[in-house]
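To start, the structure under review is shown below, and the notes come after it.
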Amino acid sequence: GQNIDQPTEMTATEGAIVQINCTYQTSGFNGLFWYQQHAGEAPTFLSYNVLDGLEEKGRFSSFLSRSKGYSYLLLKELQMKDSASYLCAVRDRGNMLTFGGGTRLMVKP
Amino acid sequence: DVKVTQSSRYLVKRTGEKVFLECVQDMDHENMFWYRQDPGLGLRLIYFSYDVKMKEKGDIPEGYSVSREKKERFSLILESASTNQTSMYLCASSYPRLASSYEQYFGPGTRLTVT
């Protein structure tokens with residue numbers, strides 16, 4: 001089985017940097033995903049990590065350490081529209097995704 | 001763009017009713033999934049299908065069944081709705097596992113209330 005932990009809520013200021021952590025304990029591992037979900041909308045794909053290291057995509061970066069069972073999503077130059085829930089998900093060897101509870105990020109002016 | 005559509009955004013049903021939730025995708029994806037999303041619990045997989053007429057149980061299949069008669073359509077069935085099935089239901093689809101990132105594309109969700 002899988003166990004995925006991430007903080008329930010975070011608050012940050014517009015223009016700042018925020019890091020959302022995700023730790024996982026899994027029986028198998030075949031990649032980690034981050035999704036963004038605005039209230040009342042579908043989750044949308046942000047990033048995918050399968051090897052250790054940092055993947056950068058514009059203002060968003062995602063980091064993975066497989067030995068530590070740890071990932072983070074880094075959001076730079078925060079904008080009000082970044083207020084959303086951020087979902088960490090692990091793909092097991094069976095190719096199903098298991099999601100964490102999600103982190104609700106509130107960006108304040 | 002990939003499009004995943006769900007038959008209803010909001011649905012209210014009575015306890016004991018049979019409920020059908022429909023999902024259609026237009027990208028010829030082999031894999032389709034049904035999740036429910038509840039506060040604090042995240043998305044939990046109910047069932048998935050990797051081909052027509054094929055299905056696999058997810059983490060919480062009890063009280064649900066599925067049907068996949070055509071590649072583009074995946075239906076979730078609540079045989080006898082109960083109040084603890086009040087939730088947001090999300091459908092997703094993806095390419096098969098050989099695709100590098102195996103990204104899942106989600107529909108807009110159906111908020112089901114069982115009274």
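Protein chains get the first letters and strands the later ones, always in sequence-line order, with residue 1 at the start of each. On a predicted model such as this, the values are computed, not experimentally measured, just so you know.
With a 4.5 angstrom heavy-atom cutoff, A/Q6 does not touch chain B via any of its atoms. Looking at B/L43, both its backbone and its side chain come within 4.5 Å of chain A, counting heavy atoms on both sides. No part of B/R111 comes within reach of chain A, as not one of its non-hydrogen atoms sits under 4.5 angstrom from that chain. Of the two parts of B/Q37, only the side chain, counted from C-beta on, holds a non-hydrogen atom closer than 4.5 Å to a non-hydrogen atom of chain A.
Residues B/F106 and A/Y35 place their aromatic rings such that the two centres sit under 6.0 Å apart. In this structure, B/F33 has its ring center no closer than 6.0 Å to that of B/F74. Annotation: B/Y105 is not in aromatic contact with A/F45 [ring centroid separation under 6.0 Å not met]. Between B/Y35 and A/F99, the distance from one ring center to the other falls under 6.0 angstrom.
You'll find the side chain of B/L78 stays beyond 4.5 Å of the side chain of B/F20, heavy atoms only.
Between chain B and the options A/G101, A/P43, A/S85, A/A42, the largest number of non-hydrogen pairs under 4.5 Å is found for A/P43.
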